[in-house]
Amino acid sequence: MKHRAPSGDQMLAILEALANSLRLRIIALLADRRIHVSQLAREVSISRPLLYMHLKRLENAGLVTSQIELSEDGKAMNYYEVIPFALDLSSEIIAEAVKTLTIIKTTSASPDDGNEKGDI
């Protein structure tokens with residue numbers, strides 16, 4: 001099955017979302033199963049607020065999705081799972097994607113220096 005190449009903005013969001021070791025670990029954990037957010041926080045060994053920040057980046061890039069379900073005792077349970085994706089990269093694909101960019105970004109000293117301002 002041939003995958004549709006992402007637009008420039010989509011490619012930028014995906015690459016920025018994946019350019020973080022914690023987010024890569026989250027994708028790896030969700031690769032073959034859906035996980036309740038509290039369990040995911042334990043498995044990644046980070047706080048739930050920090051996990052939610054990373055999940056939001058992955059969700060905004062279209063890489064994960066969540067679903068709230070009610071447990072037997074009526075408690076809301078938030079489950080996350082990966083949205084199946086494949087990203088082919090080549091100079092030609094990047095050149096085509098750049099033609100569709102609408103997001104203008106300035107460069108910073110390092111690609112993931114913790115400054116979320118302007119990040120997607």
Side-chain angles (χ1 to χ4, degrees):
M1 181 172 115
K2 179 96 169 141
H3 295 279
R4 186 175 64 85
S7 71
D9 294 347
Q10 291 167 329
M11 183 180 289
L12 191 58
I14 291 167
L15 293 174
E16 286 181 343
L18 294 174
N20 178 284
S21 62
L22 283 174
R23 291 191 288 267
L24 287 178
R25 287 179 55 209
I26 292 166
I27 291 288
L29 287 167
L30 295 173
D32 60 355
R33 62 189 171 131
R34 65 188 202 115
I35 305 174
H36 177 263
V37 73
S38 294
Q39 179 65 32
L40 186 56
R42 284 190 292 274
E43 291 187 32
V44 180
S45 298
I46 60 175
S47 68
R48 285 192 349 184
L50 183 57
L51 176 62
Y52 273 117
M53 184 204 68
H54 288 294
L55 288 168
K56 183 170 176 54
R57 283 292 285 276
L58 292 168
E59 202 164 22
N60 288 342
L63 301 173
V64 301
T65 187
S66 66
Q67 183 172 353
I68 296 176
E69 298 177 10
L70 291 179
S71 66
E72 290 180 13
D73 63 357
K75 183 178 175 187
M77 308 283 284
N78 198 2
Y79 288 88
Y80 278 85
E81 63 187 320
V82 167
I83 297 170
F85 68 92
L87 182 61
D88 296 321
L89 284 179
S90 68
S91 57
E92 293 82 14
I93 291 171
I94 291 171
E96 285 301 310
V98 165
K99 294 175 185 176
T100 66
L101 278 173
T102 61
I103 299 170
I104 306 299
K105 294 188 63 133
T106 59
T107 59
S108 63
S110 78
D112 205 359
D113 60 4
N115 181 4
E116 298 290 325
K117 184 177 179 187
D119 283 349
I120 297 174

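Considering CG of D88 and CE of M11, their distance stands at 9.0 Å, rounded to 0.5 Å. For the atom pair CG of N20 and CE of M53, the computed distance is 7.0 Å after rounding to the nearest 0.5 Å. In this structure, L29 CG and E43 CD are separated by 5.5 Å, a value rounded to the nearest 0.5 Å. Atom CZ of F85 sits about 5.5 Å away from atom CG of L18, to the nearest 0.5 Å. For the atom pair NZ of K75 and CD1 of I68, the computed distance is 12.5 Å after rounding to the nearest 0.5 Å. Rounded to the nearest 0.5 Å, atoms CG (L63) and CG (L30) are 11.0 Å apart.
Tracing side-chain contacts under 4.5 Å through hydrophobic residues (I, L, V, M, F, W, Y), one never reaches I83 starting from L55; they form parts of separate clusters. No path of Ile, Leu, Val, Met, Phe, Trp and Tyr side chains, each step under 4.5 Å between heavy atoms, connects M77 with L51, placing them in separate hydrophobic clusters. Hydrophobic clustering places L89 together with V98 (ILVMFWY residues linked when any side-chain heavy atoms are closer than 4.5 Å, directly or through intermediates).
Side chain of N78 to backbone of V37: no donor-acceptor contact under 3.5 angstrom is found. The backbone N or O of A17 lies less than 3.5 Å from a partner atom in the side chain of R23, making a donor-acceptor pair. Between the side chain of R48 and the backbone N or O of A41 there is no donor-acceptor pair closer than 3.5 Å. Remark: side-chain polar atoms of Q10 are paired, donor with acceptor, to backbone N or O of S7 under 3.5 angstrom.
Contact between L87 and P6 at its shortest, heavy atoms only, is CD1-CG, 3.8 Å. Residues H36 and Y79 come closest through the heavy atom pair N-CD2, 3.4 Å.
Salt-bridge formation is detected for the pair E96/K99: a Lys NZ or Arg NE/NH1/NH2 atom is positioned less than 4.0 Å from an Asp or Glu carboxylate oxygen.
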**Prompt:** Could you go step by step and tell me if S71 and D73 meet the side chain to side chain donor-acceptor pair (under 3.5 Å) rule?
**Reply:** CA-CA 5 Å; S71 66; D73 63 357; 2.2 Å; yes
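Two residues are said to be in side-chain contact when any heavy atoms from C-beta on lie closer than 4.5 Å; I27 and V82 meet this criterion.
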